[in-house]
Asks: 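Have a look at this one before I ask anything.
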Amino acid sequence: GRSHEGKDEL
Amino acid sequence: MNIFRLTGDLTHLMSIIVLLLKIHTIKSCAGISLKTQELYALVFATRYLDIFTTYISLYNTVMKLIFLGTSFSIVWYMRRHKTVRLSYDKNNDTFRHYFLVLPCFLLALVLNNRFTVREVLWTFSLYLEAVAIIPQLVLLQRSKNVDNLTGNYVFFLGAYRGFYLINWIYRYFTENHYRRWITWMAGIVQTALYVDFFYYYFKSWKNNEKLKLPA
């Protein structure tokens, strides 16, 4: 998915 | 998504499954720090605030629900379950975990990417996750012998962020504008805390003897 300011990680 | 991050997430999931298996099958939480489990529940609660507002992928949402669900149920088991709570080592699990919560929150207020409620809480969850294992490591040193399941639990927990470090290096070189100083700092501190545990874990595994951490 698109990285939401790096929030695509758990 | 890259193989390092996927391996990291699965290793993280593995650590939680090992812990739940231990608690659910042998109905024991001996050697497990409730303080660390409570900190992890707080980490996920403050990190996944956007679980219902931002959809990234089914994988992302499912994993967040699993991490939230398992971390809170582990705390419930250790606090409320009639049999499990009896094996909780209350006398040795005395690390004041709020000594970790406050500094992490203050640091998140000062050092963050954007001064908004969600961003500060997300940053707080990163700092808190980095130090959440400390009560557990303290308990391991106090409890004489460490049983295999607990040792494996801490090992997988330490390995997962190690895979994330590789994932960050990979993304730094493959994606332009991928800069996450705060995430990287917290991740390095978190993995560094396990270095001595890894040393004793591999030593005990090589010599095929019981895992013992020097006090």
Side-chain angles (χ1 to χ4, degrees), chain A, chain B residues 1-2 4-6 8-13 16 43-44 47-51 53-68 112-114 116 118-119 121-123 125-126 129 160-161 163-165 167-168 170-172 174-184 186-187:
Chain A
R2 295 184 317 284
S3 78
H4 296 253
E5 311 107 39
K7 301 285 191 308
D8 63 343
E9 295 178 346
L10 289 172
Chain B
M1 170 62 81
N2 59 65
F4 307 113
R5 179 148 68 100
L6 181 62
D9 290 341
L10 296 181
T11 307
H12 189 190
L13 186 62
I16 293 171
V43 165
F44 294 130
R47 179 155 332 159
Y48 301 150
L49 295 170
D50 60 351
I51 187 168
T53 55
T54 314
Y55 180 79
I56 292 173
S57 69
L58 181 64
Y59 169 82
N60 192 275
T61 305
V62 167
M63 290 296 270
K64 284 176 177 174
L65 289 171
I66 291 173
F67 287 156
L68 281 167
N112 53 60
N113 293 321
R114 261 180 316 150
T116 63
R118 179 168 296 179
E119 187 68 24
L121 288 177
W122 180 82
T123 311
S125 83
L126 272 181
E129 188 191 1
Y160 117 79
R161 216 60 178 164
F163 283 114
Y164 257 76
L165 291 180
N167 151 64
W168 293 323
Y170 175 81
R171 292 187 74 175
Y172 176 81
T174 52
E175 296 171 27
N176 47 6
H177 312 305
Y178 185 74
R179 302 274 185 286
R180 303 276 172 268
W181 307 116
I182 290 181
T183 307
W184 297 345

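Predicted model only: the values in this text are computed from it and were never measured.
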Asks: For B:Y164, is it the side chain, the backbone, both or neither that has a heavy atom under 4.5 Å from a heavy atom of chain A?
Replies: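 When you check distances to chain A, only side chain atoms of B:Y164 fall under 4.5 Å.
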Asks: With sequence neighbours left out, write down each residue that passes side-chain hydrogen bond (donor to acceptor under 3.5 Å, both in side chains) with B:D50, or none if nothing qualifies.
Replies: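 Result, side-chain hydrogen bond (donor to acceptor under 3.5 Å, both in side chains) vs B:D50: none returned.
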Asks: By side chain to side chain contact (heavy atoms under 4.5 Å, CB included), which residues pair with B:Y170, not counting sequence neighbours?
Replies: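 With sequence neighbours excluded, B:Y170 shows a side chain to side chain contact (heavy atoms under 4.5 Å, CB included) to B:N2, B:F4, B:T174, given in chain and number order.
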Asks: Tell me, yes or no, whether the heavy-atom count around B:Y172 atom OH, taken from other residues, nucleotides or ligands under 6.0 Å, exceeds 12.
Replies: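 For B:Y172, atom OH is not crowded (no more than 12 foreign heavy atoms under 6.0 Å).
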Asks: Can you tell if the side chain of A:K7 reaches within under 4.5 Å of the side chain of B:R118, non-hydrogen atoms only?
Replies: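 No. Closest side-chain heavy atoms not under 4.5 Å.
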Asks: Could you check whether any side-chain N or O of B:N60 sits under 3.5 Å from a backbone N or O of A:L10, counting only pairs where one atom can act as donor and the other as acceptor?
Replies: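 No; zero donor-acceptor contacts below 3.5 Å.
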Asks: So, for B:R5 and A:D8, which heavy atoms are closest and what is the spacing to 0.1 Å?
Replies: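 That closest heavy-atom pairing would be NH1-O, 3.0 Å.
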Asks: Charged N to carboxylate O below 4.0 Å: is that the case for A:E9 and B:R47?
Replies: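 No, no charged N to carboxylate O under 4.0 Å.
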